[in-house]
Amino acid sequence: MCGRYSLTSPEEAMRRLFDIQAGDIGPPRYNLAPSQLAPVARRESADGPVLARLMRWGLVPGWARDESIGQRLINARSETAAEKPSFRAAFRQRRCLVPADGFYEWRNLGSRKQPYWISRPEGEPFAMAGLWESWRRDDGPELLTFTILTTEATEDLRPIHHRMPVILPPEAHAAWLDQAETPSAELFVSGRAPELRPRAVSTHVNRPANDDAECLRPLDGEAPVAGTQPRLL
DNA sequence: CCAGACGTTGTT
DNA sequence: GTCTGG
DNA sequence: CCAGACGTTGTT
DNA sequence: GTCTGG
């Protein structure tokens with residue numbers, strides 16, 4: 001699945017990859033956790049520009065009576081999201097790209113859990129497939145939320161975990177964002193994802209308050225990955 | 001008809 | 001064990 | 001996803 | 001909102 005990720009790439013690289021024309025990307029993040037604000041990229045109209053917007057991780061469906069359901073809707077199974085009451089409206093009308101440059105998975109070793117940071121070999125950013133929603137109670141403020149689609153893990157990652165986020169190669173971004181077309185199930189096949197490499201990291205990442213570069217540091221003394229350096233201020 | 005759920009993950 | 005908060 | 005709380009009373 | 005269960 002995907003319950004924690006990183007987003008530390010230079011802002012310019014992200015704007016280029018996602019064709020983001022405007023909007024807030026926020027600061028670099030090493031340890032993005034559910035319930036927090038994160039940037040997502042989406043079109044507001046069919047032929048409009050791609051805009052970035054900070055939204056809360058954990059989707060709150062339009063019909064929800066209160067926002068607490070979002071705590072549990074941080075992922076949506078790509079195999080069933082088109083039909084599920086919680087996701088189908090967003091699946092039809094509100095698809096988005098969730099920028100990341102790595103995600104975390106915990107390998108269950110019985111007596112302990114070993115976290116891994118999974119990223120591109122050179123640390124390039126990539127797009128996770130997401131859905132977003134706008135929710136409000138009565139005359140309350142608008143709450144924007146999103147969820148990340150999951151799929152079966154690739155063979156490479158299977159030893160760590162059997163699910164992973166749907167990662168869209170650049171040539172699939174437009175198809176996913178085009179709400180006029182029904183997205184093809186082909187998009188969700190993890191085999192289409194760009195090459196990913198898991199690196200064991202310390203349990204420093206376990207604590208959401210630890211939002212720093214230590215989260216990404218390989219345990220085995222491997223050299224830091226190029227391209228993942230924090231953005232210059 | 002109304003009431004109540006609506007989800008994922010992992011583990012058993 | 002289970003829920004909430006991050 | 002993991003971490004951390006999980007309760008009441010009365011008093012300040 | 002929409003579907004399922006009673």
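This is a predicted model, so every value here is computed, not measured. Each chain gets a letter, A, B and so on, in the order its sequence line appears, and its residues count up from 1.
Side-chain atoms of A/Asn206 lie closest to D/dC2 of the nucleotides C/dG6, D/dC2, B/dT8. Side chain of A/Arg88, nearest nucleotide from C/dG6, B/dT8, E/dT2: E/dT2. Across E/dT2, C/dG6, D/dC2, the shortest atom-to-atom separation from the side chain of A/Lys113 is found for D/dC2. If you check D/dA3, B/dT8, E/dT2 against the side chain of A/Arg77, the one that comes closest is B/dT8. Comparing B/dT9, E/dT2, D/dC2 against the side chain of A/Met1 picks out B/dT9 as the nearest.
Between A/Arg207 and D/dG4 there is a side-chain N or O to OP1 or OP2 distance below 4.0 Å. Applying the 4.0 Å criterion to OP1 and OP2 of C/dG6, one finds that A/Gln36 has every side-chain N and O outside that range. A close approach under 4.0 Å does occur between a side-chain nitrogen or oxygen of A/Thr150 and OP1 or OP2 of B/dT9. For the OP1/OP2 pair of E/dT2 and a distance below 4.0 Å, the side-chain nitrogens and oxygens of A/Ser86 include no atom meeting the criterion.
As judged by a 4.0 angstrom heavy-atom cut-off over every strand, A/Thr147 is placed among residues making no nucleic acid contact. Counting any heavy atom pair closer than 4.0 Å across all strands shown, A/Ala33 reaches a base atom. Residue A/Ile69 is classed as having no contact, given no heavy-atom separation below 4.0 Å to the nucleic acid. No contact: A/Ser78 has no heavy atom under 4.0 Å from any strand.
If you measure from atom CD1 of A/Ile74 to atom C1' of D/dC2, you get 10 Å, rounded to the nearest angstrom. Following rounding to the nearest Å, A/Gln71 (CD) and B/dC6 (P) show an atom-to-atom distance of 16 Å. The distance between atom CD of A/Glu79 and atom P of B/dT9, rounded to the nearest whole Å, is 8 Å. The CH2 atom of A/Trp57 sits 14 Å away from the C1' atom of C/dG5 (whole-angstrom rounding). Counting to the nearest Å, the P atom of C/dG6 and the CD atom of A/Glu67 are 12 Å from each other. Look at CD1 on A/Ile148: it is 12 Å from P on B/dT9, rounded to the nearest Å. Rounding to whole angstrom units, CZ of residue A/Arg65 and P of B/dA5 are separated by 10 Å. We find that CZ of A/Phe103 is positioned 13 Å from C1' of D/dC1, with the value rounded to whole Å.
Between the side chain of A/Asp138 and the backbone N or O of A/Gly140, no donor-acceptor pair lies under 3.5 Å. Side-chain atoms of A/Asp211 come within 3.5 Å of backbone N or O of A/Asn31 as a donor-acceptor pair. The backbone N or O of A/Phe18 lies less than 3.5 Å from no partner atom in the side chain of A/His173, so there is not a single donor-acceptor pair. Checked by atom type and distance alone, the side chain of A/Gln179 never pairs as donor or acceptor with a backbone atom of A/Leu177 at under 3.5 Å. Although no hydrogens or angles enter the test, the distance criterion places a donor-acceptor pair under 3.5 Å between the side chain of A/Trp135 and the main chain of A/Ala64. Of the possible donor and acceptor atoms, one in the side chain of A/Thr151 sits under 3.5 Å from a partner among the backbone N and O of A/Phe188.
Base pairing of D/dG4 is made with C/dC3, judged by Watson-Crick or G-U wobble geometry with both donor-acceptor distances under 3.5 Å.
Nucleotides B/dC1 and D/dG10, compared at atom P, are 50 Å apart to the nearest Å. Separation of the C1' atoms belonging to C/dT4 and D/dG7 is 16 Å when rounded to the nearest angstrom. Separating the P atom of D/dC2 from that of B/dT9 is a span of 13 Å, rounded to the nearest Å.
Residues A/Glu155 and A/Arg158 are not paired through a salt bridge, judged by the lack of any N-O separation under 4.0 Å between the basic side chain and the carboxylate.
DNA chain B is contacted by both A/His162 and A/Phe87; A/Phe87 maps to the nucleotide lying nearer its 5′ end (nearest heavy atom per residue).
Both thresholds, 5.5 Å between centres and 30° between ring planes, are not jointly met by A/Tyr104 relative to the base of D/dC1, so the two rings are not stacked.
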